[in-house]
Structures are given as C-alpha cells and as structure tokens.
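A quick note: this is a predicted structure, and the numbers were derived from the prediction, not measured. This chain uses plain numbering: 1 for the first residue, then up along the sequence.
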Amino acid sequence: MDNQISAELAAAMDQINGHWDRAKAVLALLLDDRIKHEDALFVEAARMGGSPSYIASTSLEWIRNHVRLANTMPLLKRSLDPETGKLRIDEESIEIISQRAIDWSREAVLAKYLIERDNHKFPPILVVLGQPWVDDPTSDMWDEDGAARETSTTFEALDGQGRVGMLELGPTSSLYVFDGQHRLIGIAAALHLITYGRLDVRDREGNVKRDEALVLDDLVEEHGLDETRLQQLGAERMGVEIIPAVIRGETRADAQRRVRSIFTHVNKQASPLTKGEVAQLDEDNGFAIVARRIAVEHPLFKTGRNAVNFKNSTITKRSAHLTTLQTLTEMAKRYLTADESYAGWNAKGRELARRPVDEELVRGRADFKELWDHIADLPTFRGIASGQSPSRYRRFEHEVEKGSGGGRGYMLLRPIGQQALGQAVGVMRAEGVSWDDIFAKVAAMDGADGLRLDFVGGPWWGVLYDFNGQRINTKGLETAVKLLCHLIAGLPTDRDRRALRELVADARSVGEDEFRDYNGEIVPRSKIALPAPW
C-alpha cells in the first residue's frame, strides 16, 4: 500500500512539474516576443511618495542612443545661451529642473574606467520620460485648467498585480538624464573611443584640449586589453529608472516642482562616505590596502584600546585614538612614494588607482610596518603602550589645568605630525640615511620636548602650531617635512637651507617686520635662524 501511495504521489508531482515546465516555456515565448520590440521596455513598476517610476535594465548602447542630456530639454531651450549652450539663470530657468553643470573633464576619465577595468560598475541612472505635448502649453492634452489629461508614460501590465510590464517608448518619446549625466557622457565617450579609436580630451567647460587625446591602440597595449571584450562593451547592461515628466492631473508648474524636488531629494539623501570609510573599502588604492592591514595587525594598534579611528580623519584632543585610518593611508603614500618603485601606485589625475599586484602589496606592507616598528619604540609610544593616556601627551599646554602634568602638545599624536614624519623618513631613507641614525635623533627629540608643537623655543611653533588660534596649522606640512630632514640628516645645499630659513621666518611672523625668536623675543627677520640640527 505504501509503495502504491508513493508511486501515485511521484506521478502527481511529475504531472505538476510538467505543467509548470510547459507554463514557463509558454511564458518565455510570450516575453521573448514582447521584449524584442524596440518601442517598449520591460520594466518593474515602483512607487514612492505618490510618484510612479519604472525600473529597467538596458544596454549601454541603448542608453547612448536614447537618453539625452538635460540641457537639451525643450523646456530649457529658451534659457540656453546660443553661443555656449549652457543654461542661463533667469526668471524662468531658476524655477525649472535643477541640474548641475556638466564637468566635461570627467568624460575621458570615465571612458578610460569603462575600457580599462574588467570589474567596472555604474549605479543606475535616473531619467525623465516626456512626450512632445509636455512642452506645448497649447496642446489638447492640457485641459481648460491647465492640468494634464494623461500621464506622459504608458505602462502595460503583464501580471495581475501590475508590478511588471511594458513601458511604451513611441517614436516621439524623449528621455532626459536627470541623475547620472556624467555616467551618460562617460558611456558615450567609451563607445566612441572603441568605434573610432580616438577620443579628444576636454576641459571642464567642454573645450577640446590641444594635442591631448585618448588612443585606443595605446590603451590596449599599455594594459593588455582584450579587444574582443571591448567590442562587447555596448551590449553590457545597467539599471535605468524612469519617471514621468508629467502625471495626470498635474499642471506644468506642478510637474516642474515634483521633478525638481525628486532631483534635490536624490542628491541630498545620498550620504557621502567619509575619507576613513573610503579607505576601509578601497580595493584599488595600494596605500589604503597597506594602511588598513597595518591598522589591524601592528602590535602598537592592538593594545586593547580603540587605537585607530576608522571613520573620521581627525582626532579630538581627549581621544584615546593614536591615529586614523585616513592618516595611515596618507602617511603610507607619503612614506612609500619616496621610493620610486612605488610611484605606479599613484592614481593619474582624476582616475581611480589601479590595484598593485599582490607581491608589491606584501612588500609595501612590510616597508610600512618597519616604519611603525621604529615609531612604536619611541619613549612616548612605549609609555602609551604601557597604559598611559594618549590625550595626556596630545593636548596643548593651554588645554590642561596647571600642575596636572599634561599638555605636551606631542607632534606624533597629531595626524599632520605623523604624515610629516612619514614623508621625511621616506626622503631620508631614499637618500641612504640608516634607520638607526634617523630614530636615534627622533628619540632624542622625543625625550627633550623636541616634538612639542606649542613650545616657542621649539622648531614647530608657527609651522605646525598656529599661535594666534592656539591650534594645529595644517598649511605647514611641507615646511615640517623639510625641517625634520634638516634636524635629523641635514639639508644638502646652502640654497636649500636658505629657502627653509625663509619659510621658518614666515611662520614666526607676528607683525610687520616683527618675528618671535626661540627665546620668545621680538626680533627683525634677519635674526631668525634655522634651529640647530640634533
């Protein structure tokens, strides 16, 4: 009996599965027949805040051929400068769709990104779908009260709930990019470069730069690109979200306000990543990759406290953090690039960095770890590792109560000081100065207030310490790098020393031809000398 029931159940399941397989086959045939038509897009309907939208997946070639820039919208035509093609802000245009100016210098950068990177990815673009009557206030599609008789999109549902279907795109339909205009020009430029083998590079305003162009053959040779794959770029697909220019019952003013509001909300609600978060996630920037490994692996940062701030780029004076991930990333860049073998890790212009090979990353991590090994052995960092509070060393003298024993204004517990030391050590190591020679002097400075920022008798007063505002002076970073090299290893020429002396004098200026020397006295400029090397 049990065998008979099992056999009947199996037969029933086979019948159900057979029906489902046949139903799927029929559904596939129907969808294939409907989707192949170019006058409609297969979409999923969405609705938020009372505004409908339709989400589709389209080829890059389709986007290039069908989506236009917002500044070509007929609604804007009367406010465009006939000579420059740019939107003029006047009493009409100020109230219509808000669209940021296009930065045409990004065109070539984005085209290179799509062509060179195998794992390229663009987020969906947002476009507005309109019809000719939308831009004709006299059209019969507007009733006597100026309200639209129809919505400017026509959706044909293919399911019972109206969730999926076809969005009609007749010959008179028009699509204008609303959010994603730089992605659009990047796509068009990449496909142009693949088709014609050359792309002129433009400046921000859209003017062609003389004698500057991208040549496809050069990119293929430089990066070993697969030309067959490049020819398939136009067939790749990405997301497009489409909103109607006008909804039934809206006046033109209503429609303009709705579309403008959506644009504003889309841009305002997008929370940009902090620099620290970018460093955490970046898988192409070799300096960020090295920095975050050091941040979680180096013994100095594994002392049981929250030693590294992974989110923010600054450290408060009372913080227990020793550094930030953004500081470590910048420090790694400044230290490692003093060695020419790491020069290729730098991004070119506004392009994204290219991930170094694993062997280079291993070497970079070892080199950067060696720097932090020596820093961790400094007296102050040994004290912190034994349990002393970093804020005791970090705070300036005026920030603590007198007699409390704190307020050392310690340079190497400030992000700018760590960056300056990293770059200076990189420069000196590249010139052949030994680790022992460098850090014997840094340790001596550490033990004798030579790294105290707010001490008028020290080299950093006015350079990294703004004595007027009693705060860090971020503009003094490059001067600080030169000062460290001078104090530790000496500068190579009299010219270098004279130039540095002028920078130090500028930093100690307290008035017209008044400068404060290392004794705190007001003296003329000629009396400001370089601090003595250690």
- Taking C-beta and beyond as the side chain, do Ile115 and Leu214 meet within less than 4.5 Å on heavy atoms? no
Pair up each side-chain donor or acceptor in residues 335-349 with any protein partner under 3.5 Å, not counting sequence neighbours, and list the distances.
| unit_1 | atom_1 | unit_2 | atom_2 | d |
| --- | --- | --- | --- | --- |
| Thr337 | OG1 | Lys333 | O | 2.4 |
| Asp339 | OD1 | Ser341 | N | 2.9 |
| Asp339 | OD1 | Ser341 | OG | 2.9 |
| Asp339 | OD2 | Ser341 | OG | 3.3 |
| Ser341 | OG | Arg363 | NH1 | 3.1 |
| Ser341 | OG | Arg363 | NH2 | 3.4 |
| Tyr342 | OH | Arg363 | O | 3.4 |
| Tyr342 | OH | Arg363 | NH1 | 3.3 |
| Tyr342 | OH | Gly364 | N | 3.3 |
| Tyr342 | OH | Asp367 | OD2 | 2.6 |
| Trp345 | NE1 | Glu360 | OE1 | 2.8 |
| Lys348 | NZ | Glu222 | OE2 | 3.1 |

- Message: Surrounding CD of Glu283 (heavy atoms of other residues, nucleotides or ligands, distance under 6.0 Å), is the total greater than 12?
- Response: yes
- Of the non-hydrogen atoms in Leu69 and Leu184, which two are nearest, and what is the gap between them? CD2-CD2, 3.7 Å
- Item | Cationic N near anionic O, under 4.0 Å, Asp200 to Arg198 | yes
- Hey, are Asp466 and Gln470 close enough side-chain-wise for a donor-acceptor pair under 3.5 Å? no
- Item | Which atom of Ile294 lies closest to which atom of Arg365, heavy atoms considered | CD1-O, 3.7 Å
- All heavy atoms of Ile315 vs all of Ser319, minimum pair found to be CG2-CB, 3.5 Å
- Query: Hey, is Asp140 close enough to Arg149 for a salt bridge, meaning N to O under 4.0 Å?
  - Reply: no
- For Thr327 against Pro415, the heavy-atom pair lying closest together: OG1-CB, 3.2 Å
- Task: Please check if any side-chain donor atom of Arg237 sits under 3.5 Å from a side-chain acceptor atom of Ser57, or the reverse.
- Result: yes
- Heavy-atom distance under 4.5 Å between the side chains of Thr329 and Phe287, does that happen here? yes
- Query: Between Asp203 and Lys209, is the closest basic N to carboxylate O distance under 4.0 Å?
  - Reply: no
- Residues two or more places apart in sequence or in another chain: which of them pass side-chain contact (heavy atoms from CB on, under 4.5 Å) with Arg204? Asp103, Ser105, Arg350
- Task: Please say whether more than 12 non-hydrogen atoms of neighbouring residues, nucleotides or ligands are located less than 6.0 Å from CZ in Arg229.
- Result: yes
- Give a yes-or-no answer on whether the side chains of Thr323 and Gln418 include a donor-acceptor pair shorter than 3.5 Å. yes
- Task: Assess whether atom CD of Glu236 is packed by more than 12 heavy atoms of other residues, nucleotides or ligands within 6.0 Å.
- Result: yes
- Item | Test item: side-chain donor near acceptor, Glu107 and His182, under 3.5 Å | no
- Donor-acceptor pair between Gln131 and Ser173 side chains, under 3.5 angstrom: yes
- Note on the structure: Here the pair of heavy atoms bringing Ala189 nearest to Ala111 is CB-CB, 3.8 Å
- Task: Answer yes or no: is there an ion pair linking Glu116 with Arg354, defined by an N-O contact shorter than 4.0 Å?
- Result: yes
- Point-to-point distance, once rounded to the nearest 0.5 Å, from NZ of Lys121 to CG of Asn119: 11.0 Å
- Message: Minimum heavy-atom separation for Val134 and Ser152, please, with both atom names.
- Response: CG2-CB, 3.9 Å
